[in-house]
Visitor: 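Encoded as structure tokens, here's the structure I'll be asking about.
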Amino acid sequence: MARNPQGVPVSSKTPLLANLDMKENIALIKEVHRKKPRLEAEAEAVEMLQKISLGRIGSLRSNKCTKEELFYVMIIRALMCESEEIFIKTPLQLLENLSNICKIIENIEILNNNKGIMILDTRSNHWHYKGCGCNIVE
Amino acid sequence: MFEKVGEKTLQTLSSLVDVLRFFVLCTISMFRPSSYNPAMIMVLIKQIYFTAVGILPLFITMSVIFGTIIIGVVISLSTQYGLQDSIGSIIIAFVVDEFAPFFTALLISLRSSTAVNTEIATMKVNHELEMLRSYKIDLISYLFIPRIISGIVSVTSLSILFAIIMLASGYIFAFFYMGMDLHSYKLLLLNAIEVKDMAVLLGKGVAFGFVTMMIPIYSGLNAFDSYTAIPISVLNGMVKLFIAIFIIEVASLLLQSL
């Protein structure tokens, strides 16, 4: 990647497109990079959402979803990219709080198709990740 | 003072070069097969729907009203000045060559160009453009080309529609004012219309369509990263767009007079 040679970023600087619904946001990546037909790409997007019981938000736009749902959609969109690594930068900027982070990490594991996912966060948020079953590197 | 004038001139020239570079980039991308993918085609369909189909009820109403009034004025003035023999040519030159493409471009500018300018500026402020770059999605082929093509298709097709409806509704006036029957009115127009008129209508439609989308996109793209910059960007974009429309109009008149 020109701007992110190491992997795909998920951060407050990579928001979802407001004029597309959730499944369209996810499908966009494969439609552009692999020229996958729209219906096929959207079906794959809905399938991914259903894995974490979020199939119902497929046709909703950003303003109808919670911050946590938007966060999952951003992760799924990143997983659709060909890059092998995903960097989630300071999730607190995307989520309301980190109290649910362990559950979110579990769901990310359900979605993950063998890609390296790294969460970059500040030291002050370190304790939120303890006991979440992820490697913490300082 | 000279320093200020020089600085302003250099700034204007530099932004003109930037616009030209953007124009060339968009034109080249339009003819590159790799620019076309399912996502881009979906955006193109939506844009054509919003620009050309959504406006139809208002557009048809306005073309009927203008058709009756303006053709009425043209016919009564031609009769007043003893130009009955040239009525057909005058109507065709006025409606097909000038009024239909110009009025369509103005209407599309007011309705769609402002929307496109605001949309691109908002996307920039919300970091959506940055996201597309991060995810290796080409802004020109995904965002700009569908809008430019939709502008060209919409302005050209609506200009043709506008001219047809205007000429057809002009018959209402011709019938009541001159007692002209439909056959004579049809012959009057068919004898007056030339290939040149069709070429002018198409050429202007394409040129107007291109600028009605390209200039707002460029203006939105150059907005600063703040919400207060959005209205400023729309304001600047619209001023530049109206200047461009008038330049095209004048250039076409000059070309036709050669």
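We use all heavy atoms of the structure for the numbers below, so side chains are in, but hydrogens, waters and symmetry mates are not.
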Visitor: State the CZ-CE distance between A:Arg77 and B:Met131, to the nearest 0.5 angstrom.
Guide: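 The distance works out to 4.5 Å.
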Visitor: Quick check on B:Gln11: does its CD atom have over 12 non-hydrogen neighbours (other residues, nucleotides or ligands) under 6.0 Å away?
Guide: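 Enclosed.
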Visitor: Below 4.5 Å from any heavy atom of chain A, which atoms of B:Tyr142 appear? Answer side chain, backbone, both or neither.
Guide: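 For B:Tyr142, side-chain heavy atoms alone lie under 4.5 Å from chain A.
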Visitor: Work out which heavy atom in B:Tyr135 is nearest to a heavy atom in A:Cys81; give both atom names and the distance.
Guide: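 Looking at all heavy atoms of both residues, the closest pair is CD2-SG, 3.4 Å.
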Visitor: Applying a criterion of heavy atom separation less than 4.5 Å, what residues of residues 15-33 of chain A form contacts with chain B?
Guide: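 Residues of residues 15-33 of chain A touching chain B at under 4.5 Å: A:Pro15, A:Leu16, A:Leu17, A:Ala18, A:Asn19, A:Leu20, A:Glu24, A:Leu28, A:Ile29, A:Glu31, A:Val32, A:His33.
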Visitor: Please look at B:Ile41 and chain A and tell me whether the side chain, the backbone, both or neither of the residue comes under 4.5 angstrom of a heavy atom of that chain.
Guide: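 For B:Ile41, there is no contact with chain A at all, as no heavy atom is under 4.5 Å.
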Visitor: For B:Met40, is it the side chain, the backbone, both or neither that has a heavy atom under 4.5 Å from a heavy atom of chain A?
Guide: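 Neither; nothing under 4.5 Å.
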Visitor: Could you pull out the closest heavy-atom pair between B:Ser34 and A:Lys35, with the gap in Å?
Guide: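 So the minimum-distance heavy-atom pair works out to O-NZ, 3.7 Å.
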Visitor: Once you round to the nearest 0.5 Å, how far does NE2 of B:His127 lie from OG of A:Ser11?
Guide: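 Rounded to the nearest 0.5 Å, the NE2-OG separation comes to 9.0 Å.
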Visitor: Quick check: are there more than 12 heavy atoms from other residues, nucleotides or ligands sitting under 6.0 Å from NZ of A:Lys103?
Guide: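 Atom NZ in A:Lys103 is not packed in, count stays at 12 or less.
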Visitor: Pick one of side chain, backbone, both or neither for A:Ala41, based on which atoms fall under 4.5 Å of a heavy atom in chain B.
Guide: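 When you check distances to chain B, no heavy atom of A:Ala41 falls under 4.5 Å.
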